[in-house]
Amino acid sequence: MTDTLPRAATPAPGRAGRRATSLAAALALLVAVAGCTGGDDSGPGTTDAGSPAAATVTVTGPLCDVLPSGTEPGNPASLVGQPADRALQWIPVLTTFEAAVRASGMATELTGSQPVTILAPTDDAFAAKFSRTNLDELLLKDTEKLRGLLREHVVTGALPAAELVSAGTVTTLAGTTLTVTGQGQGARVDDEADLICADYQAVKARIHVIDHVLGSLPTTANGDDHPAH
């Protein structure tokens with residue numbers, strides 16, 4: 001079967017671009033193992049019932065200006081009727097995070113009966129955290145460890161950015177506590193990750209794009225795959 005998952009745009013520029021060959025090979029193998037994706041094939045711009053999405057959604061943050069908007073595929077309003085795992089596919093800077101969701105089987109926790117908040121690191125954030133070899137191992141072999149990492153980025157309850165700030169602290173599905181503070185008109189998590197495009201809405205979910213990978217896994221970038229120049 002061929003892979004029918006959408007790819008709305010090219011990944012954000014940065015170090016992630018230099019890793020395309022290795023990551024693309026890992027994603028291709030994931031697709032070959034997983035086969036075709038079942039379920040609803042409705043694209044963004046329609047609800048699960050196939051009718052045009054009419055919701056008005058406002059996303060905020062410095063990265064939002066370069067992400068799909070207006071009537072472009074993947075614009076915020078078009079994702080409201082999509083399950084969280086499918087909505088992630090249409091945010092072009094989250095290709096690594098979305099691949100990790102598929103590889104780890106985390107989609108079941110993102111689309112269950114319990115609403116969730118997803119703090120999704122960008123491709124560049126993953127590039128700054130993990131070496132190519134390390135990331136490939138997580139995607140293809142250490143999927144339990146990968147699932148644990150993703151659980152450190154998911155909070156119970158679909159919380160807008162303002163509610164995260166008001167709460168002050170939130171607990172992830174992994175049981176870790178995150179501190180959230182206001183920063184100008186945005187928010188900062190654990191004093192290391194900024195919400196750079198917040199408040200995407202999906203079915204029973206809020207998705208906030210962040211610029212740093214959270215959690216306890218060690219940083220391996222600039223190691224064996226990134227020799228000094």
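Remark: side-chain polar atoms of K145 are not paired, donor with acceptor, to backbone N or O of L217 under 3.5 angstrom. Within the 3.5 Å criterion, the main-chain N or O of S131 finds a donor-acceptor partner in the side chain of T220. At distances below 3.5 Å, at least one donor-acceptor pair connects side-chain atoms of R151 with backbone N or O atoms of L173. The main-chain N or O of A100 is found under 3.5 Å from a side-chain atom of S104 such that the two form a donor-acceptor pair. Counting only distance, with no hydrogens or angles, the side chain of D190 and the backbone of T179 share a donor-acceptor pair below 3.5 Å. A donor-acceptor pair is defined here as one N or O able to donate and one able to accept, closer than 3.5 Å; such a pair exists between the side chain of N75 and the backbone of E72. Without hydrogens or angle criteria, T117 side chain to L159 main chain gives a donor-acceptor distance under 3.5 Å. Judged purely by atom type and a 3.5 angstrom limit, T122 uses its side chain to pair as donor or acceptor with the backbone of A125.
P92 and P68 get closest at one heavy-atom pair: CD-CD, 3.7 Å. Taking all atoms of both residues into account, the shortest heavy-atom contact from L79 to A87 is CD1-O, 3.9 Å. Listed here is the closest heavy atom pair of R206 and D199: NH1-OD1, 3.1 Å. For L94 against L88, the heavy-atom pair with the smallest separation is CD1-CD2, 3.8 Å.
Ring pair H153/F97 is perpendicular by interplanar angle, where above 60° counts as perpendicular and below 30° as parallel.
Between the side chains of T111 and D85, not a single donor N or O lies within less than 3.5 Å of an accepting N or O.
V189 and L63 end up in different hydrophobic clusters when Ile, Leu, Val, Met, Phe, Trp and Tyr side chains are linked at under 4.5 Å.
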Do D191 and T181 pass the side-chain contact (heavy atoms from CB on, under 4.5 Å) test, and can you show the C-alpha distance, the side-chain angles, and the key distance before you say yes or no?
CA-CA 8 Å; D191 201 29; T181 55; 5.8 Å; no
